[in-house]
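This report refers to the structure that appears directly beneath it.
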Amino acid sequence: MTIRVWGYLDEYAAEREEILDAVDTVFGSGRLVLADSVRSFEGEFAARHGARHCVGVDNGTNAVKVGLEALGVGPGDEVITVSNTAAPTAVAIVGAGATPVFVDVREDYLMDVSQVEAALTPRTRCLLPVHLYGQSVDMAPLEELAARHGLSVLEDCAQAHGARHHGRPAGTMGTAAAFSFYPTKVLGAYGDGGAVLTSDEEIDRRLRRLRYYGMEERYYVTGLPAHNSRLDEVQAEILRRKLRRLDHYVTARQEIAQRYADGLGDTGLVLPETVPGNEHVYYVYVVRHPRRDEIVAALKARDIELNISYPWPIHTMTGFAHLGHQQGSLPVTERLAREIFSLPMYPSLTPDTQDRVVEALREVLKTLS
């Protein structure tokens, strides 16, 4: 049987009764759009983070986009971020009419915040750190820099549900924070979904208008830009049930990560490290090796599926050629992209299945030495 890099069927089997009850709750409610389930989830997700407001939207990409727009980012503005993230981060910046400006990353895959100030221009409007793979960017220098230059900070928390940075939840250290609930996420729906957190009353008001045609009252548009970008009631009710298990999901991922560390620590793989002060939630378990492609092919031949998150840095993609980046402009990002790959990681991954992955990797690595 093929071992997938991610799967949900075992988890669904364990939670099936509650998931189906969530669906029935919505279908029997008489309200299918922006009703009790969305409102309840927004309140519970905000409370989980100690934030004042949560606005549910239809996906993580639009969470970034409407988050930027609510912060006043638009045509002519620049947003500083990283290139080693999922393309939707940059797609959302462009969708808001702004230009992504990339800085390099450190060996731990996270934004090198020491490079941000040099990237500032008079057009810079927002800093967009990506809490990649399950742990937080070093936020204190970014917060100080943003305050000094009058900039907003939008945290991209798509991969960091439940993560903490010096005790602070990811998503509570910027002006606002964007989350994705795509099924693979630490807190994943059974379809698309997203949300924006903020404790700013005015930003919350803008977000609610942006996601609902620009309306604050039904049928009356009060401002543009605007979208139809609402979190679905069914997904919201499912997320309410799963939010109660978030600590369980995080603990399971951390235990799986520890088993990988125990089983692969004496090999030639570069294993992930937790930055001091961070609580890592291991959205994905990313390792490195200079002969990555051979390893991935060898494990595929053994029916073990791996993934590369992400094989092409955004600045090297033809869709972003207009930004004018040259190969070598972000050397750490480019080198890491040639070496990284992800091992199977999801809460229901059993020790026996994980042992098969570890044993296969060890055997393949021996042949490369």
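Residue numbers count from 1 along this sequence.
In terms of modelled atom types and a separation under 3.5 Å, the side chain of His53 and the main chain of Asp204 share no donor-acceptor contact. Arg230 places no side-chain N or O within 3.5 Å of a backbone atom of Val57 that could act as its donor or acceptor partner. For the pair His149 (side chain) and Leu151 (backbone), a donor-acceptor distance under 3.5 Å is absent.
Residues His131 and Glu155 have side chains that bring a donor and an acceptor to within less than 3.5 angstrom of each other. When only modelled atom types and interatomic distance are considered, Thr184 and Tyr346 share no side-chain donor-acceptor pair under 3.5 Å. Using a 3.5 Å distance cut-off with no hydrogens or angles, the side chains of Asp58 and Ser229 do pair a donor with an acceptor.
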Assess the residue pair Phe179 and His49 against the criterion (ring pair (Phe, Tyr, Trp, His ring centres under 6.0 Å)); give the C-alpha distance rounded to whole Å, side-chain angles, the decisive distance to 0.1 Å, and a yes or no. CA-CA 12 Å; Phe179 288 81; His49 291 82; 5.3 Å; yes
Kindly determine whether Arg291 and Glu294 satisfy salt bridge (charged side-chain N to carboxylate O under 4.0 Å, His left out), including the steps that lead there. CA-CA 6 Å; Arg291 298 174 70 177; Glu294 296 171 68; 2.9 Å; yes
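Thr316 is not listed as a side-chain neighbour of His325, based on a closest heavy-atom distance of 4.5 Å or more. In this structure, the side chains of Leu120 and Leu145 come closer than 4.5 Å at one or more pairs of heavy atoms.
Aromatic ring centres of Tyr133 and Tyr109: separated by under 6.0 Å. In this structure, His315 has its ring center at least 6.0 angstrom away from the ring center of Phe320.
Salt bridge annotation for Glu279-Arg253: absent, with no cationic side-chain nitrogen under 4.0 angstrom from a carboxylate oxygen.
The only option from Glu18, Glu44, Glu11 that meets the salt bridge (Lys or Arg N to Asp or Glu O under 4.0 Å) definition with Lys242 turns out to be Glu11.
Residue pairs meeting the ring-ring contact (aromatic ring centres under 6.0 Å, His included) criterion with at least one partner in residues 188-247, sequence neighbours excluded, are Tyr8-Tyr190, Tyr12-Tyr190.
For Phe41, the ring pair (Phe, Tyr, Trp, His ring centres under 6.0 Å) partners are Phe45, Phe181, not counting sequence neighbours.
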